[in-house]
Amino acid sequence: MEEQFAEFRAELDETGSVYEQLRIIAANLDSFIRLMQAALMPIHHCSFPQVKEKVKGYMSDLCGLYAQLAHVIKDKPGQYYRYHDLWRNQTSTVVFVLAFLHWLDTGGLLTHTETEALLNLDPAVFGIDLEDYLIGLCSFSNELPRYVVNRVTAGDYNCPKEVSTFLGDLYTAFRTLNLRNDHLRKRFDGIKYDLKKVEEVLYDVKIRGLLNGPSLQATATGNESNVATSHQ
Amino acid sequence: MEEQFAEFRAELDETGSVYEQLRIIAANLDSFIRLMQAALMPIHHCSFPQVKEKVKGYMSDLCGLYAQLAHVIKDKPGQYYRYHDLWRNQTSTVVFVLAFLHWLDTGGLLTHTETEALLNLDPAVFGIDLEDYLIGLCSFSNELPRYVVNRVTAGDYNCPKEVSTFLGDLYTAFRTLNLRNDHLRKRFDGIKYDLKKVEEVLYDVKIRGLLNGPSLQATATGNESNVATSHQ
Amino acid sequence: MEEQFAEFRAELDETGSVYEQLRIIAANLDSFIRLMQAALMPIHHCSFPQVKEKVKGYMSDLCGLYAQLAHVIKDKPGQYYRYHDLWRNQTSTVVFVLAFLHWLDTGGLLTHTETEALLNLDPAVFGIDLEDYLIGLCSFSNELPRYVVNRVTAGDYNCPKEVSTFLGDLYTAFRTLNLRNDHLRKRFDGIKYDLKKVEEVLYDVKIRGLLNGPSLQATATGNESNVATSHQ
Amino acid sequence: MEEQFAEFRAELDETGSVYEQLRIIAANLDSFIRLMQAALMPIHHCSFPQVKEKVKGYMSDLCGLYAQLAHVIKDKPGQYYRYHDLWRNQTSTVVFVLAFLHWLDTGGLLTHTETEALLNLDPAVFGIDLEDYLIGLCSFSNELPRYVVNRVTAGDYNCPKEVSTFLGDLYTAFRTLNLRNDHLRKRFDGIKYDLKKVEEVLYDVKIRGLLNGPSLQATATGNESNVATSHQ
Amino acid sequence: MEEQFAEFRAELDETGSVYEQLRIIAANLDSFIRLMQAALMPIHHCSFPQVKEKVKGYMSDLCGLYAQLAHVIKDKPGQYYRYHDLWRNQTSTVVFVLAFLHWLDTGGLLTHTETEALLNLDPAVFGIDLEDYLIGLCSFSNELPRYVVNRVTAGDYNCPKEVSTFLGDLYTAFRTLNLRNDHLRKRFDGIKYDLKKVEEVLYDVKIRGLLNGPSLQATATGNESNVATSHQ
Amino acid sequence: MEEQFAEFRAELDETGSVYEQLRIIAANLDSFIRLMQAALMPIHHCSFPQVKEKVKGYMSDLCGLYAQLAHVIKDKPGQYYRYHDLWRNQTSTVVFVLAFLHWLDTGGLLTHTETEALLNLDPAVFGIDLEDYLIGLCSFSNELPRYVVNRVTAGDYNCPKEVSTFLGDLYTAFRTLNLRNDHLRKRFDGIKYDLKKVEEVLYDVKIRGLLNGPSLQATATGNESNVATSHQ
Amino acid sequence: SNNNSGTVSKRESVFCQQFQQYAQQLDAVNEKRERIVKASRDVTTSSKKVIFQIHRINRANRGAALQQAERDLHAVQSIHVRRVAQELKANETWKYKRAFSPGMQEFVEAATTLEFCKTGKLLTLQQLNASLSHLKDVSDAPFSISTGDYLLGVADLTGELMRLAISGVAAGQREVAIAVCGFVQALYKGFSQLPNTVDIRGMPKKMDLMLQSLIKIENTCYAVHVRGLEYPEDMIVNALEHEEIDSDQEA
Amino acid sequence: SNNNSGTVSKRESVFCQQFQQYAQQLDAVNEKRERIVKASRDVTTSSKKVIFQIHRINRANRGAALQQAERDLHAVQSIHVRRVAQELKANETWKYKRAFSPGMQEFVEAATTLEFCKTGKLLTLQQLNASLSHLKDVSDAPFSISTGDYLLGVADLTGELMRLAISGVAAGQREVAIAVCGFVQALYKGFSQLPNTVDIRGMPKKMDLMLQSLIKIENTCYAVHVRGLEYPEDMIVNALEHEEIDSDQEA
Ligand SMILES: [Mn+2]
Ligand SMILES: [Mn+2]
């Protein structure tokens, strides 16, 4: 009996230590992501290229932290979900930051697979849970009304139209999901308030005949080539 | 965007359905284990062989139910712990029943590996969580005082000594584990009350000079060969 | 829309008034049953015939109160279960009292049908819900350890054997039911502890060689004819 | 609006100041009663006269504190129940301490009126709420199982019989009250468990033939005159 | 002990019966006030005179119910606060309804004394507790933001200014009170948010140049004489 | 053992008395700060110089109360943090009031050191905890949206720009701190919503072409010299 | 001991015979409850899908999408609600109430939401029960939904209408919000005049939620109204006209 | 806009300079707290191991096992408690109290449990602090444990003693229970005479647990006593004598 319990003791001690390792990495991840988010926020008042460079500068360290998580989990096959709660919130925030950046850059939606690729993750070992990804998209949506308000204040009158189209598509896409009455459903419900606010700004701009006006000025500064140009 | 969300929809629907499948199997497991437990309980008043046969009769169906769980999980590698809460309690009860039976049969402790083997489980796919196993042992310990009291009432005066030795060993073994202040620690704390109660019965038997007496009678009925003989 | 809500108001007012009538009868039932229970409790220290007479004296009033409930329900066919919560606990307590009395009298178990008959109830109109009956049996079981302890203290050393047999049978019978994870299952789990306690008393008596001793004295007082004799 | 609120302010300040006064007295009462209770608790291990003297020594200060409460309330006729919650628990504890002491002294129950008299209270001005008194009796009952266990350990084998009789009487008396489904009823239900525990101790003593044995020794030390003698 | 408990029983029965009487009156009061409140709520969408008539129609019955409470309490001097909890919430709601109505009618604040007068209450026997009155005012304040929003939607653009002034005064007046850290203080803190919301509506109206505009139309319909006119 | 506990009693009594002294001073501080806050609130509708004078009039009494706290703590070196909870909230509110006033006066941020200086505090004896200071700044931020709304309503259309710049700076500055997952972090998260609201007001003003318009009027009244001029 | 266990066996059979009857009764009740619960869960899930489908309606797909929703709702009724009906005898509805109430409430929510989208009116309990009257219970009596379930379902309808109002505004259909506002005001008034009955569990909480939804709707109407006042009506129409078509195509 | 962002940058630097100081202060405090928390967690974990070690003592291994526990406890002190001490200035103990209190309480629990096993006496706060006096804090003042932490640790000691008493009886060492009972009675009396101070968080709850433990100990002593009365003392000794040795070997 003694031998057997010696093994049990080893196993229990081991589990406790894995938990502790992951807890520490997740805490580092938490601090780090706050920095990234802080680097992204000036987008409300600064030019995009400046912000983009700063945020992208964090990517390799971020991948490093995820690699640490994946490394620990790799040795414990099948235990991703045993410890999943430790990095849920952080991952959603990462998705928020990367999806915002990607949209600023391309005007398109960062996909689930692209997110994993950006983070150098092998989904077979350590992927991004789908719900975490979708919640990240909701956070991204929540930031857009403020972005639109500030862009218009800065004289970019075409921004509301673009955001309204994008957000409308996202809302329509989300509506095709059959969500249970859970956290994700609540977060999704919030998107329509974002869309409503953006629509109100678009209305303000239209009613005043400002639409398409300032874009001429924008042209003057030579930023016409793609969607992202208006975010500079 | 639509295509992507169609995939998401499929994945979310799939996850919901896996959960529902496992929930149903676990509910069946629950009912079934109550039957097994009911078949074991007469051990307090009936002869062991009779009970043993009845309980063993349930084994193949039990393995079938676990095979169903394992089958679902097999297709979802790495998601054992995502759904673990669904079968925790049931598994601990199974361990309790099997460990009690094994002890009655051999006087020894059913090991973690032996339990998985009895259930035809491949730990690489679907094993028994160590904590669930240990909690099952605690339940087994909790049943022993009642067993000893009834055995002595039925005239088997050697039983307390055997149980006291076994339970003392188990208690000592458990003490070598470094438990956190959690559910398992609380369940473990209960073992010493079981041991105390068994010790009191042993004291009663000793003080009255009954020890070793009835075992002679037992000999007369030819049940001397192994520990289990005294449990009939 | 207003018309419809006017109808709803009328309907709900009507329901509220039925509810209030039943609530008052149930409150009276509650007080009354406390008296009956109080009349039964001296069984722990007094002779049975004395207690029996007192409790039986309450029967006709009790039937009257149930007749009142049945009278109200008779006019609302199919709505027994609408108001069932109002008299659940009271009914279980009645079953407890009647089953205890019946066992003291005959050593047997009062059946579901016999209970309804004792209360002059027509199950087609107002029966006793099976779960309420079974919960009443659980309460009866809960009282037996105390009864046994007091009987032994009073010198009746055969009582534990009889009660242990009866309670063991009851426990086994209950085990044949498929109980869900509900209140009844929790109450049933309690029977196990009652049985354990009674078995410990039986053990105490047996190991001290008191079993069958005092029954000789009992014989002397001429109370040998049936199970109930020892409870006097 | 200003004038009116000036009046409100005056009234609220006044109420607040009464509340504050009473709160401070009640806090002192609280500390003081903790000490009294601490002085009584050694009864579980020490001789009664020693404890009695100590506790009685606190009485005049205790009366002083109640006099302070009564003094404040006297000027606010009709507001006893406005502030009642401030001293409810304390008063119940006082009743517990005094009733325990009285029973140790005389073997009888301290009445409601006697309690008010002991505290020098004029019920017309500031009495003891009946429910607070009854809850105090429940706390007294809750202490008796522990007392009995310790007395028997100390060799006083007659104590369980006396306490069981007293507690049985108290339980029967309480049963005659119509309690609503409230806090008091829950506390009263607890008496049943106290009685059951005391009966189990009585059973332990009886089954081992200890009853009336040690009382011979007690006789030897000349403490035979009344119930209280056995508590020394 | 029996005699004493017979007295206790009488006293408890008496208290219980007073409690039951008051409980029933309070329950009626509760239903009745729900109707009154329901009659007031259309103020958000209907004209004031219509609503006023309807609500005033309830006054005599309301006074009748308070008279019933007062009648029971009259015979139990000093026990107002013993049962106060039974009618606290109802009374606050009454104050809310009456204060709202009064303000709509006069633009002024209904005083504490006026409230008691409206309800035909003699404060010497059964008054309205000051805190209950003040909590009623807080509820009134909580309703105003919704009222202002609906008035503006209905085209009354001067309403926000009037309400903002009134609520500002009320907030300032409340600030002069010394509130303890209790329920009332929390409710008072809510007024600040009501004021903020009303100020935001005022802002919306002002920034769009709507202030004082529609009042010209109002003039046209001849409703200029007092504050209340704009609420029609 | 008794001696040791006697020492502990003495020590704890001493601590309790210090605690009580500080509690009373802190309660006075609490009332006093409510007055100061009440004096500041009219800023939403009155001219700044008027409010400033009133609030500044309270400063010497406020310093007096802090001096009392410091006096008690001076005798207990190193125990500032033992009793810190007693004055935390009050101190944060003081910081809120003083920082608001300072900003109105100078358009700048009141520093931590300046706050201590204003209160005549010697940080070596009794300083202001940095977190309390930062929480006070958060409260100050929370008040700004309401301030901006009311200023714009009053016709000061430049205010949103100034506040938005100031609040943006404050938010950026806060972002440089590494906050743990605690109360301060939650409060800091609130600044984001304040900023968003102020940006929306700025947007409203901008899109309607009101920006810089009224400042001409302001010029007319001669209030051009510094940031603070627009708050009069 | 032999003797003892013999006695046990004998007695066991006596007791167990009685208990076998009890076991049968309990099993029958539990199995029926389990079947009803499952049917009710299916009613809930499929009704929720109908509601989701309604939220996907826009000006462009309106005709087809409404018809789809109608077909789906009819399927819920004729497949899953029928399963509930077929389990019940007339006098058993209250016995199994908790098992099927959640499903019925969600069904009421879906049916009334759809009706509002089609006609702008409240589907009455009479209308609803008339549409169900072809579903017979075991005793061949027509199945019907109780007042309590109807009211609780209609209470939830408010939340869906709030969503419709807000996404309507988000899609530039400001008239939806105004229609919803009047409707929900009338509903809330009806509810607030009902007596407070113990029979309908959870009503007070739902009333609270209803009020919260109503206030959100009112705030939306307020915003629409206030925004509309800054410029003359015709100027707004001009500015938005071709855009509206645009937003139709998008949605 | 260019102008604007320029302004922002300039202002940012002004504010951020002030905030850099704040950030340094906050970081210093948080990092120190984090280090203390870690040290305290290590104190807790290793003290718990000492307590587990004490529970593994039996008659057979008593001498060696006690020595081992003593060595382990000394290691806790000289390694982990030292780490806490080295972080603190004299006037900072209250600032970081919540960070190290849990560890100190567990250390007190371990130290007092060990002392009771060795001598049957209470290790006093003076004795304990004397044994720690070689640990110096940053300002080179001797480190000491506060009255509050000592009392809370001793309160937990009761629970361990209860476990010792019950497993003592389970191992046939009935005298342990009796010794523990008198000791815990005295402790409880001491505690119940203390004033109710706000300073020592969670004391009332711990007092409740202490009373529960005391009652369990008393019940154990009662059972031992009552059982011992059925037969004369010498008969018991005879019956159990060689068995006792037996149980030593087993344990
Ligand atoms: Mn819904
Ligand atoms: Mn411990």
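Here is the naming used below: chain letters follow the sequence lines, and residue numbers restart at 1 for every chain.
With a threshold of 4.5 angstrom between heavy atoms, Asn150(A) approaches chain F through side-chain atoms but not through N, CA, C or O.
Ranked by heavy-atom pairs under 4.5 Å with chain F, the first of Val205(A), Val152(A), Thr153(A) is Thr153(A). Looking only at heavy-atom pairs under 4.5 Å with chain A, the residue among Glu199(F), Arg180(F), Lys192(F) that has the most is Glu199(F).
Donor-acceptor pairing under 3.5 Å is lacking for the side chains of Asp132(F) and Thr91(F).
Taking the ring centroids of Phe96(A) and Phe140(A), they lie at or beyond the 6.0 Å cut-off.
The existence of a salt bridge linking Lys56(F) and Glu53(F) is excluded, since no basic side-chain nitrogen approaches an acidic carboxylate oxygen closer than 4.0 Å.
A perpendicular orientation is assigned to the rings of Phe32(A) and Tyr58(A), their planes being inclined by more than 60° (bins at 30° and 60°).
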